[in-house]
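Comments concern the structure below.
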Amino acid sequence: MTFASAVYRLVRRVPAGSVVTYGQVAACLGAPRRARAVGHAMSRCPVGVPWHRVVNARGGISARARMEGMLTQRMRLLEEGVRFRRGLVDLRTYRWEPARARRQGGRACVSP
DNA sequence: GACTTGACTAGAC
DNA sequence: AGTCTAGCCAAGT
């Protein structure tokens, strides 16, 4: 199991209308200092992974090679009902918290 | 197996 | 409030 596939598994659990941050994903996998590696994994994520639900620590869309990627991310989030304020998602409102999700059913974070 | 490249982040200034 | 810096580390070359 590569780090990337663990990232994909977790991101697939994020429900529509919610977002998570890179650092949050890393921490959830028991590796709080690998936010950057999460970004690296997302940069080449396979089909079926809702990559657009991953945003940076400020609730913004991180820069990438092609501008169109940023635009489609924003568009998809809007379609899912995520509102932007000054170009940023309000994390207090839309952040998905795996701990809470676990209480309602499946396990979200891997145990260290 | 060394070296480079990032969709990162927290903190300093 | 905007930039810079130093850690960080998986993958690709």
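Throughout, protein chains are lettered first and strands after them, A, B, ... in sequence-line order, and every chain is numbered starting at 1. Treat the numbers as computed from the prediction; the structure is a model and nothing was measured.
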Where along residues 53-60 of chain A does a heavy atom fall under 4.0 Å from DNA chain B?
->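 Result for residues 53-60 of chain A: Asn56(A), Ala57(A), sorted by number.
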Would you name the heavy atoms of [X] and [Y] that are closest together and state the gap between them?
X	Y	answer
Leu88(A)	Gly60(A)	CD2-CA, 3.5 Å
Leu10(A)	Cys28(A)	CD2-CB, 3.7 Å
Tyr8(A)	Ala41(A)	OH-O, 2.8 Å

Write out all pairs satisfying salt bridge (Lys or Arg N to Asp or Glu O under 4.0 Å) with one or both partners inside residues 15-27 of chain A, taking only residues at least two apart or from two chains.
->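 As it turns out, there is no salt bridge (Lys or Arg N to Asp or Glu O under 4.0 Å) pair with a partner in residues 15-27 of chain A once direct neighbours are skipped.
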Could you name each residue pair satisfying salt bridge (Lys or Arg N to Asp or Glu O under 4.0 Å) that touches residues 24-34 of chain A, not counting sequence neighbours?
->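 For residues 24-34 of chain A: none.
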Listed by chain and number, what are the side-chain contact (heavy atoms from CB on, under 4.5 Å) partners of Ser5(A), not counting sequence neighbours?
->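 With neighbours one apart ignored, the set is Met1(A), Thr2(A).
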Just jot down the side-chain contact (heavy atoms from CB on, under 4.5 Å) partners of Leu91(A), sequence neighbours excluded, or say none.
->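 Scan of Leu91(A) (side-chain contact (heavy atoms from CB on, under 4.5 Å), adjacent residues dropped) gives Val19(A), Thr21(A), Val55(A), Arg95(A).
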Who are the salt bridge (Lys or Arg N to Asp or Glu O under 4.0 Å) partners of Arg85(A), not counting sequence neighbours?
->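 Applying salt bridge (Lys or Arg N to Asp or Glu O under 4.0 Å) to Arg85(A) gives Asp90(A).
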Sort and list the pairs that fulfil side-chain hydrogen bond (donor to acceptor under 3.5 Å, both in side chains) and have at least one residue in residues 66-76 of chain A, not counting sequence neighbours.
->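 The answer is Arg64(A)-Gln73(A).
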side-chain hydrogen bond (donor to acceptor under 3.5 Å, both in side chains) partners of residues 42-56 of chain A, not counting sequence neighbours, each pair once |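 Residue pairs with at least one partner in residues 42-56 of chain A: His52(A)-Glu80(A), Arg53(A)-Glu80(A), Asn56(A)-Ser62(A).
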Should Phe84(A) and Ile61(A) count as side-chain neighbours, where that means a heavy-atom distance under 4.5 Å?
->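 With C-beta onward as the side chain, the pair touches.
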Please list, by residue number, the residues of residues 69-81 of chain A whose heavy atoms come closer than 4.0 Å to an atom of DNA chain C; answer none if no residue qualifies.
->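 Heavy-atom contacts with DNA chain C come from no residue of residues 69-81 of chain A; none.
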Terminal contacting nucleotides, 5' and 3', DNA chain B versus chain A (heavy atom, 4.0 Å) |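 The footprint of chain A covers dG6(B) to dA10(B).
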Quick one: do Tyr22(A) and Arg36(A) satisfy side chain to side chain contact (heavy atoms under 4.5 Å, CB included)? Show the steps, please.
-> CA-CA 7 Å; Tyr22(A) 298 95; Arg36(A) 194 160 197 169; over 6 Å; no
Stems involving DNA chain B: give each as a range paired with a range, ordered by first number, where a stem means at least three consecutive Watson-Crick or G-U wobble pairs under 3.5 Å.
->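 Stem list for DNA chain B: B:2-6 with C:9-13, B:8-13 with C:2-7.
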Measure from the side-chain N and O atoms of Tyr94(A) to the backbone N and O of Val20(A), and report whether any donor-acceptor pair falls under 3.5 Å.
->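 It does not hold such a pair.
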Output one line per pair: protein atom, nucleotide atom from nucleotides 9-13 of chain C, and distance, for all N/O pairs under 3.5 Å.
unit_1, atom_1, unit_2, atom_2, d
dA10(C), OP1, Arg34(A), NH1, 3.3
dA11(C), OP1, Ala4(A), N, 2.9
dA11(C), O4', His40(A), NE2, 2.6

Does Arg12(A) CZ have over 12 foreign heavy atoms under 6.0 Å away?
->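 Yes - once you tally the heavy atoms of other residues, nucleotides and ligands closer than 6.0 Å, there are more than 12.
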Group every Ile, Leu, Val, Met, Phe, Trp and Tyr by side-chain heavy-atom contacts under 4.5 Å, then state whether Leu78(A) and Val89(A) land in the same group.
->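 Shared cluster, yes.
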